[in-house]
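A short write-up of the structure that comes next.
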Amino acid sequence: MGFGPKWLGWMWSCIFSAKFSILVNGVPAGFFPSSKGLRQGDPLSPYLFVMGMEFEPVENITDLKPECCACTPASSSLSEFGKLDGISGCKVLVSSEEKLLFDDFINIICSFDPDILIGWDIQGGSLGFLAERASHLGIGLLNKISRTPSETKTASRNFEIPEKRVADEMLPENLVDDSVLLEEAIIEDEWGRTHASGVHVGGRIVLNVWRLMRGEIKLNMYTAESVAEAVLRQKIPSIRNRVLTKWFSSGPGRARYRSIEYVIQRAKLNFEIMNQLDMINRTSELARVFGIDFFSVLSRGSQYHVESMFLRLAHTQNFLAISPGPQQVATQPAMECLPLVMEPESGFYADPVVVLDFQSLYPSMIIAYNLCYSTCLGKVAPSKADVLGVSIYSPDPHALHDLKDQILLTPNGVMYVPSKARKGVLPRLLEEILSTRIMVKKAMKKLVPSQQVLQRIFNARQLALKLIANVTYGYTAAGYSGRMPCAELADSIVQCGRRTLENAISLVNTHDKWKAKVIYGDTDSMFVLLKGRTVKESFQIGHEIASAVTAMNPNPVTLKMEKVYHPCFLLTKKRYVGYSYESPDQIEPTFDAKGIETVRRDTCGAVAKTMEQSLRLFFEHQDISKVKVYLQRQWRRILSGRVSLQDFVFAKEVRLGTYSSRASSLPPAAIVAIKAMRADPRAEPCYAERVPYVVIHGEPGARLVDLVVDPLDLLAIDSPYRLNDQYYINKQIIPALQRVFGLVGADLYQWFSEMPRPVREVYAKHKSHAPNPYRTRIDFYYLSKHCILCGELSPASAHICDKCSKDGTAVAAAVIGRTAKLERDIQHLAAICRHCGGGDWIVESGVKCTSLACSVFYERRKVQKDLQGLSSVATEAGFYPKCMVEWF
DNA sequence: AGCCTCCCCTAA
DNA sequence: TAAGTTAGGGGAGGCT
């Protein structure tokens, strides 16, 4: 069998269980029983599984010490050191054939018996892949490494992949003819695929690090490289499987050593990331707080978390929860109340704006008004008799009569028992959560710096408590999938919150002394404009407002002065931006944006950066002409290609299999993903993976979906594509900024059209009659009709104008000088790469790192292209010997 | 051009 | 099988 794309991935999984690791460190001792053979703190020691390779010693790799192995693999020999291409720090097992390799793998796992297995991409690049391959060979891998192996595993033989995630017509033949027979129910369960990893090992926890990161940190892309940079502040190279395979199959020597070292680095990365984020301890803390098992914290929803706490408390009060069927849930009355979202008066505010918000508004409402399932007496005037939430209920008339003076009536017309008569379970739960959180925070402050471990645990605990308090409302309103929703109760919470906010707003608006005006509010927040006041005065008044509003509400409702904006823009509902001061002493304001392009991940860096910079300029000088100058400079840079492609990469989540079949086209990111899968079915993105793309030039009238390509395709040295600068400026940057600066009277379309055009010309019309693709590359890069030396206009066909051409020596000198400069640039960038996690070997072997997360990568490609273009032009004109560019 | 649907992402 | 909620803006593309 040949080495098709599919095999590349396999190769690496095979060699070092690629990106698959056995988690030993980080599990609290004794927390998970029976980690036999392992002690906490044992060094991580990767295992290297090698099949049928003849290993030879490598020069220069010395001082290797053999390490003894904890177990004795049945089928293969532990290789002697000195014969292993100089691989150190790991144990190497050599197997003569693939099946035996799996036997070793299974033996190692079973002898270590880990509680947790982690991998970067469990489904595609790690355990799931191994399992898939194993089943080809008739090995039930997941069953064999299970703690609860089943003997009768023949039942599920021969079942096919149950679902094709993409409609057949979108894929080429070879994607759907796959005859893989899955021996175990491994990959394709929809819920598992979309929420965890879809790979289950009995008795062990399988963690999909990629997906955990997605929930943990906010990034534009979740490649291992970008996560490593964000979490570990460590740059690591990205080497494609194709290159790794080439290195590895080059036989004993440096290249093979590099490839192995690289894969080992990837495997260790998972641990470093998990440790840095303290994932295991934090998840354990959540499990403890909620009273559920470890994996349920990660795999189950917040409904389950709330319920586990709620039910335990309910039982102590002698309550049982009702358990309505799905039909009952579906037929409960619709929710009627909406939170208050004011329509802001859009505009620029040069005066201070104070932002105040209620702390945990909904939990406060539940506590303050004793709102609970167990205290609800139903509607005052029921529209449908006896219906309450999902159940039938009508209050005992005698009880109503006895309580009639004390009954709490919420603004949506629902009655509740006062807490004197009966304290609700939800209020009790939330009170405990909030007071415990305060206790934990106090305890945290008392800790001395040396108690760092405790510090982290306490912090994790208080965050867990905050989290659970905030989703309790969601539990009562869980209409779609709810186990015990109650529309009236949820409505009461919303409406009490709304009334609380409305009262606060009208207090501020009608107060004589403050002379304040509420210009925006959303659910639990108030934006108060204080005309003509300073930031200091605004803090003063803000605190007065906060105490006055807090005082007029029942405990524990608290209005908190959050910050002062000075100045700010209010754009629309849920979109605003300003220079924020969090204390009166703060000198330098912080740039604080909500909902606009600078904080969104569906725009590219170019939009976010120009917008933030323009806003900063405007906030600082309040002079629109400065913004104009800045923007015109940026546009010129873009049009003349003096920008980094990194800022023009979009990355959006792709969910193959969820797109409506009716829609004629897929979203751009999905188009790019499908294109990649056509070349390599293993390139299928994980569910909700962020797939990068860029927009290129195309035929006039082309739709966007026809103009999107993988950034690497555009970066390729011989790429025929050109960045669609017009699209980025006209469809991305200008509309976004116009929405902001239009509010102060600017017309960015006008600014753009009156801007002097840069030197390059749009080349689209030439494209169709450029027969030789090799030629187009140079032409695309040197689109200019200007002389590359003097910049004067030259005849369309020449890159060097007549005047310059006459002086051959000067041209040669200029070309050589410029070439030398570019080569120095390349050396400089190579030096930077040498400090990257990859070390010298990346640089030695030429430019192979293709990390889209690394700005140096983009820079190198640009310089390379410049050099290539320059030398091609010069060679063509006869001024430059070809051999000087050969080393690329 | 206006309206609609789908899709993505964010605020709270 | 399990799945917290709603409100909201904005891009793209198709239809009338």
Side-chain angles (χ1 to χ4, degrees), chain A residues 185 189-196 200 218 220 296 299-307 310 326 329 334-344 346 355 357-362 467-487 489-491 493-494 497-498 501 520-526 562 571-576 593-604 607 650-655 658-671 688 690-691 695 701-708 727 730-732 735-736 738-739:
Chain A
D189 85 88
E190 180 62 15
W191 187 82
R193 186 174 72 86
T194 55
H195 288 82
H200 308 284
K218 184 178 168 182
N220 224 2
S296 294
S299 63
R300 305 289 298 264
S302 50
Q303 187 167 196
Y304 186 82
H305 303 158
V306 172
E307 198 162 72
F310 177 69
V329 172
M335 305 224 327
E336 291 162 357
C337 302
L338 300 174
L340 175 65
V341 186
M342 290 173 68
E343 187 65 58
S346 303
V355 181
D357 58 16
F358 287 99
Q359 295 201 286
S360 323
L361 180 67
Y362 287 174
L467 188 81
I468 203 73
N470 286 336
V471 293
T472 305
Y473 158 73
Y475 183 81
T476 67
Y480 179 54
S481 64
R483 296 167 69 90
M484 195 175 66
C486 180
L489 176 58
D491 270 351
I493 298 168
V494 171
R498 184 183 176 114
L501 181 61
Y520 178 59
D522 181 351
T523 311
D524 63 353
S525 67
M526 262 198 314
E562 199 65 37
L571 305 177
T572 59
K573 288 174 173 175
K574 299 184 191 292
R575 295 185 154 224
Y576 52 87
K594 289 286 153 73
I596 64 168
E597 282 74 3
T598 57
V599 293
R600 294 182 67 87
R601 290 177 294 180
D602 50 0
T603 55
C604 58
V607 177
F650 293 95
K652 295 188 192 177
E653 287 189 349
V654 169
R655 296 175 173 81
T658 66
Y659 297 115
S660 72
S661 50
R662 206 179 54 70
S664 51
S665 69
L666 294 162
I671 300 271
R690 300 184 73 88
V691 176
V695 181
R703 296 171 313 166
L704 180 68
V705 289
D706 305 322
L707 302 178
V708 292
Y727 171 82
N730 284 315
K731 298 283 180 171
Q732 292 290 325
Q738 181 63 40
R739 281 194 287 276

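Everything quoted here is computed from the prediction, not taken from an experiment.
Checking side-chain atoms of A:Asp491 against main-chain N and O of A:Glu336 turns up a donor-acceptor pair under 3.5 Å.
Under the side chain to side chain donor-acceptor pair (under 3.5 Å) criterion, A:Tyr727 pairs with A:Gln732, sequence neighbours left out. In this view, A:Tyr475 satisfies the ring pair (Phe, Tyr, Trp, His ring centres under 6.0 Å) rule with no residue, not counting sequence neighbours. Take A:Thr598 and apply the side chain to side chain contact (heavy atoms under 4.5 Å, CB included) test, not counting sequence neighbours, and it matches A:Phe591, A:Ala593, A:Ile596, A:Met611, A:Glu612. Residues satisfying the side chain to side chain contact (heavy atoms under 4.5 Å, CB included) criterion with A:Ser296, sequence neighbours excluded, are A:Ile292, A:Asp293, A:Arg300, A:Tyr304. Applying the side chain to side chain donor-acceptor pair (under 3.5 Å) criterion to A:Asn730, with sequence neighbours excluded, gives A:Gln726. Considering only residues two or more places apart in sequence or on other chains, A:Phe310 meets the ring pair (Phe, Tyr, Trp, His ring centres under 6.0 Å) condition with A:Tyr373. Applying the side chain to side chain contact (heavy atoms under 4.5 Å, CB included) test to A:Ala469 and every residue at least two apart in sequence or in another chain returns A:Pro363, A:Leu430, A:Ile433, A:Leu434.
The interatomic distance linking A:Phe650 (CZ) with C:dA12 (P) rounds to 8 Å, in whole Å. When the P atom of C:dG8 is taken as reference, atom CE of A:Met342 falls 13 Å away, rounded to whole Å. A:Met484 has its CE atom 15 Å from the P atom of C:dG4, to the nearest Å. The OH-C1' distance, from A:Tyr473 to C:dA7, rounds to 11 Å in whole Å. In this structure, CD of A:Glu597 is placed 7 Å from P of C:dG10, rounded to the nearest angstrom. The distance from atom CD of A:Glu307 to atom P of C:dA2 is 11 Å, rounded to the nearest whole Å. If you measure from atom CD of A:Glu343 to atom P of C:dG8, you get 8 Å, rounded to the nearest angstrom.
Across all strands, A:Leu338 comes closer than 4.0 Å only to sugar-phosphate atoms, never to a base (heavy-atom distances). Here A:Tyr480 lies in heavy-atom contact (under 4.0 Å) with a base. A:Tyr727 comes within contact range of the sugar-phosphate backbone alone, with a heavy-atom separation under 4.0 Å but no base atom that close. Residue A:Val306 is classed as having no contact, given no heavy-atom separation below 4.0 Å to the nucleic acid.
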Heavy-atom protein contacts under 4.0 Å, nucleotides 7-12 of chain B, coded B base, S sugar-phosphate only, - none: SBBSBS
Can you give me the N/O atom pairs linking the protein to nucleotides 1-5 of chain B at distances under 3.5 Å, or say none if there are none?
none

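Contact annotation: the side chain of A:Thr476 approaches that of A:Ile493 to within less than 4.5 Å [non-hydrogen atoms, C-beta and beyond].
Take the nearest nucleotide of DNA chain C for A:Leu704 and for A:Met335: the residue whose nucleotide is more 5' is A:Met335.
One finds no side-chain N or O of A:Arg483 lying less than 4.0 angstrom from the OP1 or OP2 phosphate oxygen of C:dG4. Of the side-chain N and O atoms in A:Arg300, one or more sit less than 4.0 angstrom from OP1 or OP2 of C:dA3.
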